[in-house]
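This report concerns only the one structure given below.
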Amino acid sequence: MQIYTLPAPNLDPLQEALGERYRFETGANTLERATLLDTFDGRLRSAALELRHSAQELQLLPGRDSAVAPRSAPCAQPPEFAEDLPVGPLRDLVEPLIEIRRLLPVITWQREVTSLRVLDRRRKTVVRGELARAQFGGHTSTYLEIRPVRGYDRALARVREALASLEASEAETTEGEALARATGHLWSYDNKLRLTLHPEMRADLAMRLIHLRLLDIAEANIPGLRRALDVEFLHDFRVALRKSRSGLSQVRRVFPEPAVQHFKEELRTLFRRTGRQRDLDVFLLSMPDYRGALPPEAARDLDPLQSYLERQQAAETKDLDRLFRSQRTRHTLTSWRDYLESEIPTRSLPTAAQRPIHEVARQSIHRIWNRVLRDGGRIGETTEDAAVHAVRVQIKKLRYLFEFFRSILPAEAKTAIRETKRLQENLGRFADYSVQQQQIRSLASDLASGDWSNAKTLLAMGQLLPQLEAGQQYERQRFHQTFGRFSSAANQKLMKGLLA
Amino acid sequence: MTAIQKSKPANRPPRPRVLATYSIKGGVGKTATAVNLAYLAAAQQGARVLLWDLDPQAASTFYFRIKPKLKGGVRKLIAGGSKLRSRIRGTDYEGLDLLPADFSYRHFDLDLDDLGKPHKRLRKLIASLADDYDYILFDCAPSISIVSESVFRVVDTLIVPVIPTPLSVRTLKQLRRHLNKNGLSVPVLPFYCMVDRRKSLHRELLSQRSQADLEMLETVVPYSTWVERMGLERAPLAEFAHRTSAALAYRELWWEIWDRLQKS
């Protein structure tokens, strides 16, 4: 598929340039409203795809660099989640990309559309296309979309030649994206840091940049989490907050201690107050897995639990909205930003503030790396779960430091980061199984004390516990393997070299 | 004790799904079914579909205004798979391509036999198109031959139109016996088509359609002059008569077949 921009919606010059061998045949002229759909983090645009809903049809259109063939399927309403997509190959392509994220309308624009075909002398369609006059926000463009018909390459080449002779230019992107870009409506949210630091940059300045980027990420998610658009808004918000807290505690003597203590406490409070909602989100996301782990009749017995959780979640969403409307929260976030954007003091600076960031980064990574090696090495068969959790928290902090300073670490750091990630995932699953068991126990008491359940529900929940315990044990056994790789002589040698 | 696993995205059906419209008996609406179902798979689901015309009469090819011409004939096609892609032609409809038949298909049996390993050859050709299509639909010629035997071995499902007449029903039973006898486990999805409720014979047989041994699909495609007009319009029903009972029935039929495919 190729898209050209034309100076005017007039095909006569093109017909003339095509000659007599091929003829354009145009279909009815229709007026439609099209909506460009994408997730908040632009997953479809990243995959060079445009999902467009118009006139009861959903179209998946490939961008210039996409090898995907265009797909369309009837769809009465714009889909919101993957399960709303029409079944079939279009859904098979989109679902793994968007996962649990909501499809949001990026822009809705007017299209005056004329379908067209290029016919050969036998009246066989040899090229398909569409002429569209698109209008949005005072911006108007004319697009000619050309779709090849397999086996008729000569005709396609002829159409392209004709377009070239008319100086029609090939569009860089799909229609919706071009309009959104031209009118400043294209989202640019990305939950990755993607910061390039200079190794000699003073540490306090570098850390301010990192914290500001994290704050941008956190704040970008607030409107979405307040409206509970999807669970990833809250998740990304909390991860950004957690990274900032970790940065404040792990990269030491960069900011004055009173400021560090103050903001650590403020961010911790905010983080904790969003915890209950995240727990509910995670539990509800796990419900299909829980049902799948039970025999069908027992799976149905979890229905009261699902209703209970959904009601709790709805109440929590309201609380969360209140939390983000509150003076206290607004003050936490604005004062944190004010601090990060304030003038850098020249006197009474903490000891590491003016040191080059690469030195401070190495020192910080080194410290936590050694701690993980020490504490991880002590984990044995009989060690308490709490100690394993503590190692998990340290590993997470190490991951965050790698992420902060990725741009100033040598390329070889990749291997160490990979092993850290593997270990973090292993311990993450261990923690999930553990938390889920605690939650089931606690929910069982809640349900038993209310009118929400019957014995069957509690029995079904009870059946989940041994399976979660088995999962936790499996991950614990795997820890020795993943930690073995993490602490291998080769990885230690590599880290020693990196941190020297 | 097994641990609860985090669910992964549901397993996608293997691509491409390979179907065939087939009947031992001719004139039962096999090609009209192939043309309409292939069109609906592309139009209703945004699927990429290849309709492979295996019938030397090249009726599917005709319906889509494509020249019944296969450069080098069918022998060259099956002897060297690399030529396959260049023989495919796009139809007038988005997502729907056709591999045309020509008169050389009358020797397809002999060619397949001569070249050896017929179904393996066919399977290899299908595999070479795996990245291009979600569905490949064979429109078979009415006979039991080396070609149809090969098709039985490579398809996921056989779609069998049956007119509610004793002879047509008998050929369905013959087909099932043949498949059983030869150890072919391909699922057969028969459905009644060209049903004329004015005929008492049709009504009588339809009333027995719940009888278990026939295992007919629920959808019934009525007799319709609109289906005959497909030859004049040279287009699938939904393109020129989408509100007619036959067009609606084909749409129902596609969803019923799709549903069965998901369960298989």
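Quick note on labels: first sequence line is chain A, next is B, and so on, each numbered from 1.
- Residue contact with chain A, scored on non-hydrogen atoms closer than 4.5 Å, is absent for B:Ala41.
- The greatest number of non-hydrogen atom pairs below 4.5 Å with chain B, out of A:Pro148, A:Pro89, A:Gly151, is found for A:Pro89.
- If you measure heavy-atom distances from B:Ile66 to chain A, the contacts under 4.5 Å come from both the backbone and the side chain.
- A centroid separation of 6.0 Å or more is found between the aromatic rings of B:Trp255 and B:Tyr250.
- Interface remark: A:Pro86 contributes no atoms to any contact with chain B (heavy atom separation under 4.5 Å).
- Note: B:Tyr39 and B:Tyr93 meet the aromatic proximity criterion, with ring centroids under 6.0 Å apart.
- The parts of B:Asp92 that come within reach of chain A are both its backbone and its side chain, each placing non-hydrogen atoms under 4.5 angstrom from that chain.
- Annotation: maximal heavy-atom pairing with chain A below 4.5 Å, among B:Arg65, B:Arg234, B:Arg89, occurs at B:Arg89.
- Between A:Arg102 and A:Asp230, none of the side-chain N atoms (NZ, or NE/NH1/NH2) sits under 4.0 Å from a carboxylate O, so this pair counts as no salt bridge.
- Looking at B:Ala43, the atoms closer than 4.5 Å to chain A (heavy atoms on both sides) all sit in the backbone: N, CA, C or O.
- If you look at B:Phe138 and B:Tyr22, their ring centroids are not closer than 6.0 Å.
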Problem set entry | Full working for salt bridge (charged side-chain N to carboxylate O under 4.0 Å, His left out) between B:Asp102 and B:Lys67 | CA-CA 8 Å; B:Asp102 70 1; B:Lys67 253 191 227 169; over 6 Å; no

Exercise. Going through the distances and angles, do A:Gln56 and A:Glu32 end up as a side chain to side chain contact (heavy atoms under 4.5 Å, CB included)?
Worked result: CA-CA 10 Å; A:Gln56 311 232 327; A:Glu32 64 181 31; over 6 Å; no

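- With a 4.5 angstrom heavy-atom cutoff, A:Pro70 touches chain B via backbone and side-chain atoms both.
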